[in-house]
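To keep things clear, I will list the structure first and then write my remarks on it.
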Amino acid sequence: MTVPRWLHATFAVSLVLVIGMIGVAMMQESARPVTFEQRLVPALGVVDRCEGCHDAESHPGNALVLHPVERFGCTPCHGGQGLATTKQAAHERSPDWERPLYTPAEREAACGTCHLGQFVEGAPILSRGRAALADRSCAGCHEIPGYSLPDFPPQLDGLAAKVTPGWVRAWLRDPAALNSVHRMPTFTLSDEKREALVAFLFGVPGAALVPVEPGGDAERGRRAVSERRCATCHKIGERGGTTATDLGWAGAKLSPAWLYSYLLDTHRIRPLTRMPGFQLPPAEAADIVAFAAEQWVPDTAKPVWAADESPVHPELTDAGRTVFLESGCAGCHVVTGVDRGRTSVSLSTIGSRRIGDMPAAATGPLADLPAWIALKVVQPHAFDATAGAPAVMPAFSSVEPDEALAIGVALSSLRASPPPEEYRVRPAGAALPAGETGRLVTRFRCLTCHSIGGEGGSIARVPLDGEGSRVRGDWLIGFLQRPVTIRMDQAERMPVLGISADEAARLTAWIQDGLGDPRIAAVAPPGDPERGRQRFEALGCPSCHVVAGKGTMAGPVLDTAGDRLAPDYVIALLTIGPAVVPGGRHPATTYPPADASDLAAFILSLRAPVTP
Amino acid sequence: MRALLTRIRDSIFRVGWPEDDRKALLAMRSSIILHLHAPKVRPASLRFKATWALGFVSLVLTLSLVMTGIYLMFYYIPHPDAAWRSMKDLAFVVPFGVVTRNLHRWGAHAMVALVTLHMLRVFLSGGYKAPREANWVAGVGLWVLTLALSFTGYLLPWDQLAYWAVTVGSHMVASVPLIGKPTALLLLGDRSVGEAALLRFYVLHCVVLPCVLGGLVAFHIYRVRRDGGLVTSEHAPPEEPRLVPAWPHLVYRELVVTLIVVAVLLAVSFAFNAPLEPLADPGRTPNPAKAPWYFLGIQELAHYSAFWGGVFVPGAFVAGLCLLPYVDRGEAGIGRYWPPERMFACTAFVAIGLFFLVVTIIGTFFRGPAWALMWWPY
């Protein structure tokens, strides 16, 4: 018996196949680079091979100066698969890698994984989103790290003495129809539930009101509203801020006694409001009430809510209380005798969700998690078909698309496994003074507009940190009593709060002692004001600053800068640069010491004429 | 020069290509590889139909798995923080990393299938009957070992697929009455699949089970020879010699089969990448969570009844397989497939096999989220 020939043939064919395939594998393998650039950052679990193709040196901007690639790698900010060595695997989604390269929105969310606090420099969308989370009272329903239950939405005690039942009914139907600046989302309540809610709210007593003093004059009231600068926060007609409510129909909506009492002693009526305690004199308050009754009313003969006026049904009070709790009202609104609490899911790790895990939107595929959240905020019902149950969340239809995306970015920064503590940047927080000064800071609600240590409002562009080193104390005392406008390009102007000389001195002492900037310490070397004037012209300073009627108002007018600015600060601004005035818009230029001292000497020589 | 090459060749291959049986036997005596075989085999056992080469292919796959496995061990780190990243290194930086992992993965799947088919082939030809009872039981043991090796290897990539398949598998183990929970604890070293489980599975997969397998394979192959070679029908054609030398007739065929297996395995490994899913995340349960495919029949049965389907049926099946040669002692029809004399046994065995095949297919393809029946492959 011999070995059959077909066996030899099979042997030869399979031998050729095996050798051929091994040869192909060898060739493929030899085509790959032998070494790989990789960046190891054990603390972040980073193994990034991006630099095999990308050059870190060529990174635009100063992001890598602030975040050295040795300490951060690439993927913590950019996403993608750092381990990959092919473009497709590194950049794109695959079955084993669900975090492809970040979209711009996801990139800002990534900033927020390390950078805590409301303001993150260089991340405007994130910062806006974090402000919006507070402004929209998201933490009223959701647990969100860093946000407590909101306290500025109106306390609802004593509603019966403030507005009519018809107004409340119309408001619950559609807040946008009554007020162009509103924070409340639209709840879809049945007629029975709405009626019960009105009954419950109208049964809660509030603070005693003071009857309006007769003799109010609408014209004086108009002047008071203008001089007090109410429009910095309130929208009045077509103009004004959006920090506080639209006053357009306030005269028709509010009972005169409530408005009068509120203007007299704001914090007695609403202890938690963001509005400063102006403590208006009774006559001025009466003038404003008269002005409101005349001017702040709808154009129509009757307000839109007049059609809905009918008596409340006290027998529904208990049912209304249940509606109040079930609907989550108590998350935002304080009502005496009702425990506050949240009714919805925690969002503390929502940033770890992948867009692929989220219910699909009826409107089509979404780019990323921030876009998903943005849509959820504005149209909660967009996901009903795939989520299996209708959304419970009320629609925030007044949120603009870019604000919604900012909220999405801010929430996407909340990850289940945040970076290690040594990578996290926490704001210092506002250390407010104790005692009488502290009471003043609270009464005048400084932090509604200003920020200290990364806490507070953003209406005032430059934080108060370091303010004590930037301006002269004597100027500040005068300014607090009678604020003048420094930044002409800003619409919001500091309200006239009625701060007394004593109070101004007390607040100034606190700002000078507690809010200094150690960098602003250089003693100004004496310079030549005349040469400084020439340099001022030559360097193009008038393109932003006005001096003696020449220049533009892009920056502060400098005509009385010598009265206002601390000498060391002027030197520091010119030599250290705009870091000493964060949030300001001074160009990032520094000047040689000789120029700086001459310029400073010139600027400090600009003083108001002394009036005898 | 030529003489030097000839001297080197002659020092290794003392006997050339065997022109006659005498030279063939001489060659076998002089070579360790050839000497592992019986000197002479029956021509009937050389026919492809006699074995379908299933046992030998399983052996080739075992050797290939050992070799690729050793290469993978150079790069693999059995720790939850590093294991999945090892897969990434294999995919992106290790020379031949992708193809080696593919060879290992597809080889393992093929082995589960082929060992099972080998058992079916042996059953249908009555190869478990006297005097081969003990070797049949050893074969059942090897089949269970193959499943165990595949299952322990399944966890090592530490991706979602691995993590949840093994979680499901260990829940099945834990549902065995009395011994289930302690066994699961011994296997996992913890209440759930984690760091301890990964290390234990690694040691079992790379050290313990291969050693046991090696010993049992040696026993299995030795007993094939001692028990008189393969079962074949006695009705051999008269013109054939009664016995032929194993070299070249058997060994050469083995060589060809080896080359074919390697070629197919390489081709499959070039064409298809081994699956990898995202990093294991104990907080993110896939729906449905499925065991490895060869346990999906059991998972499907367990869905109906955890004890009867998940424990009793597979347990009784393995116990029945081991008892089989001591119970079914009829001698008729040995060496032929599905002979009329063994109609009942063969039909019953194939029916059981088909039943497992059907439930496995249902479990693999027709079970969607929440183990709901789907009418299209999921």
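Among Ile22(A), Val47(A), Thr85(A), the residue making the largest number of heavy-atom pairs under 4.5 Å with chain B is Thr85(A). Between chain B and the options Glu29(A), Gln38(A), Met26(A), Arg99(A), the largest number of non-hydrogen pairs under 4.5 Å is found for Glu29(A). Ranked by heavy-atom pairs under 4.5 Å with chain B, the first of Ala84(A), Gly20(A), Ala25(A), Pro95(A) is Ala84(A). Most heavy-atom pairs under 4.5 Å with chain A: of the set Val257(B), Leu259(B), Leu265(B), this distinction falls to Leu259(B). With chain A as partner, the option from Arg85(B), Glu277(B), Lys88(B), Arg284(B) having the largest number of non-hydrogen pairs under 4.5 angstrom is Arg284(B). Ranking Asp81(B), Val94(B), Thr258(B) against chain A, the residue ahead of the rest is Val94(B), based on heavy-atom pairs under 4.5 Å.
The stretch residues 343-366 of chain A places Arg354(A), Asp357(A) near chain B, each with some heavy atom under 4.5 Å from a heavy atom of that chain. Contacts between residues 5-17 of chain A and chain B, counted as heavy-atom pairs separated by less than 4.5 Å, involve Leu7(A), His8(A), Thr10(A), Phe11(A), Ser14(A), Leu15(A), Leu17(A).
At most 12 non-hydrogen atoms from other residues, nucleotides or ligands lie less than 6.0 angstrom from CD of Gln88(A). The number of heavy-atom neighbours closer than 6.0 Å to CD of Glu422(A), taken from other residues, nucleotides and ligands shown, is above 12. Residue His35(B) places its NE2 atom among 12 or fewer non-hydrogen atoms of other residues, nucleotides or ligands, all under 6.0 Å distant.
Ala91(B) touches chain A through its backbone: at least one of N, CA, C or O sits under 4.5 Å from a heavy atom, while the side chain does not. Heavy-atom distances place both the backbone and the side chain of Phe96(B) under 4.5 Å from chain A.
Across every non-hydrogen atom of Leu276(B) and Asp96(A), the tightest pair is O-CB, 3.3 Å.
Annotation: the span from Asp89(B) atom CG to Arg49(A) atom CZ amounts to 4.5 Å, rounded to 0.5 Å.
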